Each structure stands twice: as structure tokens, then as C-alpha cells.
Protein chains: 2
Amino acid sequence: MKHKVITISRDYGSGGRIIGKRLAEELNIHFYDNEIIDMAAKELGLDTKAIYDVVEKKSSSFMYTLSTTHFELPLNDQVYSAQSKVIRHLASKGPCIIVSGCADYILQEYNNVYSIFIHATIESRMQRVKAEYDEEHDDLRKYVKKKDKNRKKYYNYYTDRKWGVADNYHVTIDSDIGIDVTVDMIKRLYNK
Amino acid sequence: MKHKVITISRDYGSGGRIIGKRLAEELNIHFYDNEIIDMAAKELGLDTKAIYDVVEKKSSSFMYTLSTTHFELPLNDQVYSAQSKVIRHLASKGPCIIVSGCADYILQEYNNVYSIFIHATIESRMQRVKAEYDEEHDDLRKYVKKKDKNRKKYYNYYTDRKWGVADNYHVTIDSDIGIDVTVDMIKRLYNK
């Protein structure tokens, strides 16, 4: 591709989505996040809510679902396949930021795609989740760790990679260094 | 600490040392690399050559040495302990760049220390090793991978961390994006 694309994967609550939004605004390019899932949903003729429940399983482990619920296995695969198709389509359309767990893997063969991974300490992630999401949780640490576990399992299952390993990404950043400096560093990469 | 310190760990041949040198020059701060080992050597009353042979074992695996040669185990531990002492000393003296595999771990409790990990594809690392080091190797790929393995084993043995995992570092960068942009991104972090 001639234009540039930035993919952002992130640990839950690390601010990866906010960073992506800021980047898209400051670089004046498209931002795709839940939109991807919505488009994938439409392609499959499924309603978005059902897909969210599969992708970021709230009440039970993703892999548990995979191994025990026969009906949901093809649904997961369909969701992943549709998401991959949509991500490739969006990336090819023009410069953009794509916030999605497996986008680094899906777009690995493309030129001018820079893959970013955002992480942070569990403490600051808990703080961010508490401040920014309108949700109540008895055990916030446990909830954040469960979200991490599900994202990790989803990624490891659909790629031949391991979640959070530096080699998978062009750049990884601990957002505890600050959102502003994180955005600036990625902008520097985009504008090289 | 009131001043800032940047530690750089790197995969063999990824250009981490060159990046560190450039940063030190452009930021006008101290650069420490083999100097650390030299100082550790002096503290131990050992000659540098002997220490290099232990730290980056050329002819046999580090862990193999650990498990089979009883005489070398305490020497390894002495080297690590002396290196840690020297790294803490240098970091406390003033702003600097420290290129050393375990510095991120050794200085983890200090404020204003930013830990960087530099990696790159095996192909570009082989190219760099070929171009910049005056060494001949029958099987360069095997040689580079052996170097990686030894660094990884040394790190994993002396820290409770795993080599190359994003969580260990504030920033990791694939130097294939370019040395200039890598240096600029780290400078942005230092100057925040």
C-alpha cells in the first residue's frame, strides 16, 4: 500500500483506544474500532450485540466456550474471518488507525502498516477503567485480569503469536509514560 | 533520581548500541556499555577478557556452563552482582544511556529511568552483523541465534522476567522502522 496504516492492540484499560482516537484526530485520518465489528456483523447478517458477546465474552471464558459449545465454534470462526476481511478492506481504502487485537497479524504482509501495542501497570488500568467506564465491579482487579485473559486467548488462538511479545509489533509503549508523549511518539513514526 | 536515565536492552545485531551512542551524543549525556563491564572487572580484580567470555559465552551455552562447570557459577554470580552495583552507581551519578541486558531490571525501583528494548528481524540483524563486525562465520544465522539464546538465558536466569516481553519495558522498538526515527522517538520520551 502507498498510504500508511497504524494498528493498535492494547491491554484492557491501558488507554489504547483513547490514544488511537487522538492520533486519528491529530493526523486527520480515519479511526476504526467497534465500527469494524459492526461492519463484520452486517456482512454476517448477525446483530452486533451477539458478536460482542462472543468476541469479548463477559460471563465465561472464550476458550471454554470454544471447547464446550459446539454451536459457538463456527460463530467465532465466522466472526474472526469477517473481521479479517473488513480490516483488510478498511486498511486498503486509505490512511487510518485500526484499534483491534489481531490487526497486526491480519495486516502483517502489507507495506506501510505499523503495528503498536499499548500496555500499562494493572494499577493505572484499574484507575482508568474506574474513571472512564460507567460500570460497577465487586472485584475490579479480577475483572481487568479476566478481560486480559480473554483478549490474550483470542489472539493466541487465531494467530501463531503470543500476546504482548515485543517481536510482534513495530512499537510497544507503556502508557504510564503519559498519553501525550505516547501519541507524539507514534505520530513521529507515522510522519517518518 | 531527579535526572533521567535510559536503559537499552537489545537483540544481537539490532542496532541497539548504535542507537544508544546516537542518543547520548544528541542529548549530550554519558554513554555506558562495555565500560560497565570494565568497571565491574576492576572491582572484582579480574581481567575484562575473562568476564566477556563468561557474559557472552562464545564457545558454549551459558546455562550449560552454569549447570556443568562448578567453578564458573560463582564467577557468573560475581559478575552479575558487580555489574548491578556499577549500573546503580552510574545511574545515580547523572543523566546517561546504559546499554546492558539486565539494566531495566536492576534499575526498576528508580524514578525517571526509562527502559527500552530494541529488536529487529533476523535478516536485518544478520546484515548488520556482517557489515559492522569484523568477524567471519560459516553460518551467520546460527551464530546470531546463538547470541540471542545466550542473552535470553542470562536475562531470564538473573531476573524474574522473560526476555523480549513488552511489559518489562517502557518502550520496545523494531529498529527496521529506521535508526533515525527510533532515535527521535526515544528523544521525545527523554525530553517529555
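Chain letters run A, B, ... following the sequence lines, proteins first and then strands; every chain starts at 1. Predicted, not measured: the structure shown is a model, and the values here were computed from it.
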Colleague: Using modelled atom types and a 3.5 Å cut-off, is there a donor and acceptor pairing between side-chain atoms of B:K192 and backbone atoms of A:G178?
Modeller: no

Colleague: What pair of heavy atoms forms the shortest contact from B:T182 to B:S175, and how long is it?
Modeller: OG1-CA, 4.1 Å

Colleague: With under 30° as parallel and over 60° as perpendicular, where do the rings of B:H137 and B:Y143 fit, or are they tilted in between?
Modeller: parallel

Colleague: Report which part of A:H119 has an atom under 4.5 Å of a heavy atom belonging to chain B: side chain, backbone, both, or neither.
Modeller: side chain

Colleague: Checking B:D176 against chain A: side chain, backbone, both or neither under 4.5 Å from a heavy atom?
Modeller: neither

Colleague: Please report the closest heavy-atom contact between B:D104 and B:S9, naming both atoms and the distance.
Modeller: OD1-OG, 3.6 Å

Colleague: Using a cut-off of under 4.5 Å for heavy-atom pairs, which of A:D180, A:L189, A:D11, A:T121 has the most such pairs with chain B?
Modeller: A:L189

Colleague: Flag the one option from A:N168, A:I173, A:V181, A:V171 with the top tally of heavy-atom pairs under 4.5 Å to chain B.
Modeller: A:V181

Colleague: Is the distance between the ring centroids of A:W163 and A:Y154 less than 6.0 Å?
Modeller: no

Colleague: So which part of B:Y114 gets closer than 4.5 Å to some heavy atom of chain A, the side chain, the backbone, both or neither?
Modeller: side chain

